[in-house]
Protein chains: 2
Amino acid sequence: MPTITGHPERHAPTLEAVAEAAGVSRATVSRVVNGSPSVRGEVVEVVQKAIAELGYVPNRAARSLASSRTHSIALLVPEDVSRFFGDPYFASFTGGLDRRLADTEYVLNLVVARDDPGRKAVRYVRGGNVDGAIVVSHHRGHDFLRQLEGSVPIVYGGRPDVALSSAPYFVDVDNESGGYLATRHLIESGRTRIASIAGPDDMSAALDRVAGFRRALQEAGLPDDAIVHANFTASGGAEAMRTLLARQPDLDAIFSASDLMATGALTALASRGISVPGDIAIVGYDDSPAATWGEVGLTTVRQPSELMGATAVDVLLQLLGGVADVPHENIVPTELVIRNSA
Amino acid sequence: MPTITGHPERHAPTLEAVAEAAGVSRATVSRVVNGSPSVRGEVVEVVQKAIAELGYVPNRAARSLASSRTHSIALLVPEDVSRFFGDPYFASFTGGLDRRLADTEYVLNLVVARDDPGRKAVRYVRGGNVDGAIVVSHHRGHDFLRQLEGSVPIVYGGRPDVALSSAPYFVDVDNESGGYLATRHLIESGRTRIASIAGPDDMSAALDRVAGFRRALQEAGLPDDAIVHANFTASGGAEAMRTLLARQPDLDAIFSASDLMATGALTALASRGISVPGDIAIVGYDDSPAATWGEVGLTTVRQPSELMGATAVDVLLQLLGGVADVPHENIVPTELVIRNSA
DNA sequence: TTGTATGCGTTATCAG
DNA sequence: CTGATAACGCATACAA
């Protein structure tokens, strides 16, 4: 490998070097580095000084080999890269996760692989490369996730749809009540011909929102069967909107299971000259940045996705830390954010 | 650490175990695993069989410790997580990178940190945790990038703005000619009052596009001073559009330095009842998915961002592989994609 | 509280 | 072509 810089490649200092410089043993330096309480104060100082002077940085591989802990966790995303990046939900989930992780010495390994051909992702996780994993956007049918069981602790973002052999750890929102909340709001503002642009029908989060939607309508004695499933993208939302309109031109309200789909619906409506919320009211889901992109602020169900990411990390860290009785279900609250669209 | 599964935690098989099972030495197994040509065919088969049967997976930490190579590379993003995720350019850049990496045994470590307080990111890269790094979205003023010099090979996405002590490796598009191309198109379609929504003025990519914009206008003898800088976001684009309009209401064309900003501009125009391309023509930049989000397809300068990501990986792998004479400047072509907006 | 000794799973340098 | 054997840098049980 070519040397990039001019100055001679200085060997990275090791524990040994620090120990010598500080006049103590390797073990003591190791203890200081790892914050062991059983080291005399003065000694700690001397060692830390030596560490600073030499610019010592622990070698992760060696540490990992000796302790059989890697200090890294995987974010596993069984999706297309473009889907992962296209949805603001992931952005803020990952943001929360990342920020929470920044306080720790763990690093994040991003593994996004839709089909995981060759089980590369699974092998990676099982191969002892990470201490734990967080899995988001899993669909029913992602059976390969089962192969992760029994390797390292796993926390799911959203209740997993696959049949696991033991109770999974997950963080989720109460999607059913989110859907209920949104629909209830539409009903209370006087709407009566209410449809839903739902998420994919192989994701429980999507189905739960539909369930809430239906419950609200049934309670109000309104029809609950105007539902079109889309794939959580803006263009999917636009198409669903057109389908809905073709089927039932006199709609007066929409519950969209994601903000992104709602933005698609909005452009579809705009191009037909249908006003929001005048002609049709619309409530989104997520409270993502997309909710305020357009000219009309989107009334939406806030999903604290950033908090979810952070919580997922918390749960995982507890698991890794051997904390007893970590709760399996971690539900974060949902809330209606009222803007202009409904 | 609590055992998650029911079945007893079986020790992961080691080289040793495979060697025993195959009736050879550890060294030989290691050779087979690493594809050494100097192992007899039959022996290779026996060993591979044993590997398969035992489900052996090399321990990365041990391997890394012994070989001082980590087989992982960092994607370093000196940005907010939300910026990183919000821009489709990164999505496809990362997608290209990820796909290219999938063919190799390298894994990606995502390090996104705006200010890198405590130099965590730098320490991470310097600490021997990765074999190399790819850096995107660096701004002038990101001097901490200088601290990466001399550690591991680095490839920049976009020509770096910081003063480096040695010639950097980078992949980039010819932004100047991209800006020229876009503006030229507007001029040729008869527009004469042309403004630009430019990118941040601390990024050379943005400034180069402005330069191309100006060159085209000067050649045509048209005014070239209607320029507003924004931050590459949709809302930034919308605001810039409003500023531009306030300043010069009779504009008839816009060159936006990113599609995302262009979408913001489009919504700003729509809300004022200004038609595109009737009243104002607009050309974007990127050819990202955002270009086709709206009702009116965006004419735009295609930036093969996916190719750029893949190329960055290629260059880095060459560097890591000790290939001689790897070119420092890797320029990928740019092209005008004509849709409806101009 | 501190030091000593051993092992973590591979790679790589030797001989053979 | 193959097999011993010494690193690699650190954590940790055990001794002192």
Side-chain angles (χ1 to χ4, degrees), chain A residues 1 9-48 50-51 54-72 105 126-129 131 320 322, chain B residues 1 9-48 50-51 54-72 105 123 126-129 131 322:
Chain A
M1 179 164 49
E9 190 69 20
R10 195 175 303 287
H11 249 357
T14 69
L15 263 195
E16 185 83 51
V18 177
E20 191 174 4
V24 297
S25 75
R26 271 180 359 217
T28 298
V29 178
S30 176
R31 291 185 184 104
V32 172
V33 169
N34 294 297
S36 161
S38 67
V39 180
R40 203 151 35 101
E42 314 167 25
V43 179
V44 171
E45 280 185 28
V46 177
V47 172
Q48 281 175 337
I51 288 176
L54 295 180
Y56 167 75
V57 177
N59 178 305
R60 155 168 309 225
R63 174 182 280 198
S64 167
L65 183 57
S67 66
S68 71
R69 288 201 266 106
T70 64
H71 286 290
S72 60
E105 54 178 336
R126 293 206 66 107
N129 297 301
D131 294 341
L320 294 178
Chain B
M1 178 162 49
E9 189 68 21
R10 193 176 305 286
H11 251 357
T14 68
L15 265 194
E16 185 84 51
V18 176
E20 191 174 3
V24 297
S25 74
R26 274 181 353 220
T28 298
V29 179
S30 176
R31 290 185 186 105
V32 171
V33 169
N34 293 297
S36 162
S38 66
V39 180
R40 203 151 33 102
E42 315 167 23
V43 178
V44 172
E45 280 185 27
V46 177
V47 171
Q48 281 176 337
I51 288 177
L54 295 180
Y56 167 76
V57 177
N59 178 306
R60 157 178 253 106
R63 173 180 277 195
S64 168
L65 182 56
S67 66
S68 71
R69 286 199 269 105
T70 64
H71 287 289
S72 60
E105 56 179 338
R123 270 173 32 220
R126 294 206 65 108
N129 296 301
D131 294 341

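Sequence lines set the chain letters: A, B, ... in the order given, protein chains first and strands last, and positions in each chain run from 1. We use all heavy atoms of the structure for the numbers below, so side chains are in, but hydrogens, waters and symmetry mates are not. Because the structure is a prediction, the values reported are computed rather than measured.
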Report task. Would you please name every residue forming a salt bridge (charged side-chain N to carboxylate O under 4.0 Å, His left out) with Arg26(A), sequence neighbours left out? Result -> Glu16(A)
Query - Qualifying residues under side-chain contact (heavy atoms from CB on, under 4.5 Å), relative to Val57(B), sequence neighbours excluded - result: none
Query - Five-pair end axes of the helix from dT1(C)-dA16(D) to dG16(C)-dC1(D), angle between them (10°) - result: 30°
Report summary line: Taken in chain and number order and not counting sequence neighbours, the residues that satisfy salt bridge (charged side-chain N to carboxylate O under 4.0 Å, His left out) with Glu45(B) are none
Report summary line: Across all chains, not counting sequence neighbours, the side-chain contact (heavy atoms from CB on, under 4.5 Å) partners of Ser68(B) are none
Query raised in the report: So which of residues 58-66 of chain B are in contact with DNA chain D, with a heavy-atom cut-off of under 4.0 Å?
Result: Leu65(B), Ala66(B)
Report task. Applying salt bridge (charged side-chain N to carboxylate O under 4.0 Å, His left out), name anything that partners Arg60(A), two or more places apart in sequence or on another chain. Result -> none
Query raised in the report: Ser30(A) near the nucleic acid: base, sugar-phosphate alone, or nothing, with a heavy-atom cut-off under 4.0 Å?
Result: base
Nucleotide N/O of nucleotides 1-5 of chain D paired with protein N/O under 3.5 Å:
from	atom 1	to	atom 2	distance (Å)
dT2(D)	OP1	Arg40(B)	NE	3.1
dT2(D)	OP1	Arg40(B)	NH2	3.2
dT2(D)	OP2	Arg40(B)	N	2.8
dG3(D)	OP2	Ser25(B)	N	3.2
dG3(D)	OP2	Ser25(B)	OG	3.1
dG3(D)	OP2	Thr28(B)	OG1	2.5
dG3(D)	N7	Arg31(B)	NH1	3.4
dG3(D)	N7	Arg31(B)	NH2	3.4
dG3(D)	O6	Arg31(B)	NH2	2.7

Query raised in the report: Whole Å only: how far is the CZ atom of Arg69(B) from the P atom of dC8(D)?
Result: 16 Å
Requested in this report: Apply salt bridge (charged side-chain N to carboxylate O under 4.0 Å, His left out) to Glu20(A) and list each qualifying residue two or more places apart in sequence or on a separate chain.
Outcome: none
Query raised in the report: Rounded to whole angstrom units, what separation is found between the CG atom of Asn129(B) and the P atom of dC10(D)?
Result: 12 Å
Query raised in the report: Within the structure shown, what part of the strands sits under 4.0 Å from Leu15(B) by heavy-atom distance: base, sugar-phosphate, or nothing?
Result: base
Query - side-chain hydrogen bond (donor to acceptor under 3.5 Å, both in side chains) against Ser72(B), all qualifying residues, sequence neighbours excluded - result: Thr70(B)
**Report entry** side-chain contact (heavy atoms from CB on, under 4.5 Å) partners for Arg63(A), two or more places apart
**Finding:** Val33(A), Asn34(A), Pro58(A), Ser67(A), His71(A), Glu105(A)
Query - Qualifying residues under side-chain contact (heavy atoms from CB on, under 4.5 Å), relative to Ala50(B), sequence neighbours excluded - result: Val18(B), Ala21(B), Ala22(B)
